[in-house]
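We number each residue from 1, following the sequence as shown.
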Amino acid sequence: MRRLTRTLTTLAAAAALTATGAAAAVPALAAPAAPATATAAARPMSMAARLGTLAPSAKVNLIGDNYPAKWRNIPQDSVVDDWNMYNRECVSWAAFTIDRHGESASNYGDAKYWDDNARSHGYRVDNTPTPGSIAQTDAGRYGHVAVVDSVHGSTVTVEDYNWAGDGHYLVHDLDTGDFRYIHFYN
């Protein structure tokens with residue numbers, strides 16, 4: 001069932017790409033139908049299904065998908081990265097980006113714990129997004145983190161992995177009020 005959900009999500013993204021020609025835009029996904037089994041009931045809803053997905057604003061300063069091929073080009077969750085996180089997850093991407101700036105989010109765990117872990121390590125956590133900060137939410141079973149690219153009033157353009165639950169890189173806009181912001185290096 002999990003593969004079917006990922007396949008449907010991937011097909012929706014491909015359809016959006018074909019229809020719009022914009023690789024970063026994925027339409028908001030509807031909540032999945034009621035699960036048929038107890039195992040399916042335990043599966044978390046993707047952040048895209050929970051909060052939707054908006055195409056990125058025109059003015060972006062992309063980092064780009066510079067996530068190392070040794071983690072990007074293998075199946076999602078098949079290895080643990082240098083920060084003790086599974087590959088192609090939002091936390092792995094964010095930890096990689098933070099490390100490139102000389103800071104560390106090693107062993108921070110699920111995204112829902114990142115704000116508390118960052119505070120305990122002396123990093124500023126607030127409601128003010130800035131380019132380079134980490135957008136963090138406790139929403140969902142595991143939470144989510146993304147790297148802030150740019151801020152446009154009440155929206156923030158972010159880069160992340162696994163927004164749609166498919167282990168892929170995405171650039172999209174979010175409502176600034178849905179997240180806290182961790183300032184590791186800005």
Note to self: Can you tell me which residue among V147, L174, V148, D173 is in a side-chain contact (heavy atoms from CB on, under 4.5 Å) with T157?
What the structure shows: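 With T157 as partner, V147, L174, V148, D173 yield a single side-chain contact (heavy atoms from CB on, under 4.5 Å), made by D173.
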Checklist line | CA sep, side-chain torsions, deciding dist, call: Y169, R72, side chain to side chain contact (heavy atoms under 4.5 Å, CB included) | finding: CA-CA 9 Å; Y169 171 81; R72 180 183 61 229; over 6 Å; no
| task | Kindly state whether the ring of Y161 and the ring of Y67 have centres lying under 6.0 angstrom apart. | result |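 Under 6.0 Å, so yes.
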Does the ring center of H144 lie less than 6.0 Å from the ring center of F179?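 Not close enough - the centres of the two rings lie 6.0 Å or further apart.
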Q.
Measuring from atom CD of Q76 to atom OG of S92, what distance do you get when rounded to the nearest 0.5 angstrom?
A.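 Atom-to-atom, Q76:CD and S92:OG are 10.0 Å apart.
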Review point. If you measure from CZ on R88 to CH2 on W71, what distance do you get to the nearest 0.5 Å?
Key: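 Interatomic distance, R88 CZ to W71 CH2, rounded to 0.5 Å: 14.0 Å.
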Determine whether [X] and [Y] make a side-chain contact, defined as any pair of heavy atoms from C-beta on separated by less than 4.5 Å.
X    : Y    : answer
D81  : F96  : no
V156 : S150 : no
K70  : I74  : no
K112 : Y142 : no
D99  : D82  : no
N162 : H168 : no

Notebook entry, point to check: Can you check side chain to side chain contact (heavy atoms under 4.5 Å, CB included) on L170 and D160, steps first, answer last?
Noted result: CA-CA 6 Å; L170 185 66; D160 57 17; 3.8 Å; yes
Following the transitive rule for hydrophobic clusters with a side-chain heavy-atom cut-off under 4.5 Å over Ile, Leu, Val, Met, Phe, Trp and Tyr, establish whether [X] and [Y] coincide in one cluster.
X    : Y    : value
Y108 : V79  : yes
V91  : W83  : yes
M85  : Y113 : no

Donor-acceptor pair, side chain of [X] and main chain of [Y], under 3.5 angstrom:
X    : Y    : value
S133 : T130 : yes
W114 : I134 : no
E159 : I63  : yes
H101 : G132 : no

Problem set entry | Over 12 non-hydrogen atoms of neighbours within 6.0 angstrom of CZ in R100 |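 No.
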How close do [X] and [Y] get, heavy atom to heavy atom, and via which atoms?
X    : Y    : result
P131 : N186 : O-ND2, 2.7 Å
S78  : N87  : N-OD1, 2.8 Å
Y185 : I98  : CE2-CA, 4.0 Å
S104 : F184 : O-CE2, 3.9 Å
T176 : Y181 : O-OH, 2.8 Å

Using the test side-chain hydrogen bond (donor to acceptor under 3.5 Å, both in side chains), find all partners of D138 that sit at least two apart in sequence or belong to another chain.
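side-chain hydrogen bond (donor to acceptor under 3.5 Å, both in side chains) check on D138 returns Q136, R180.
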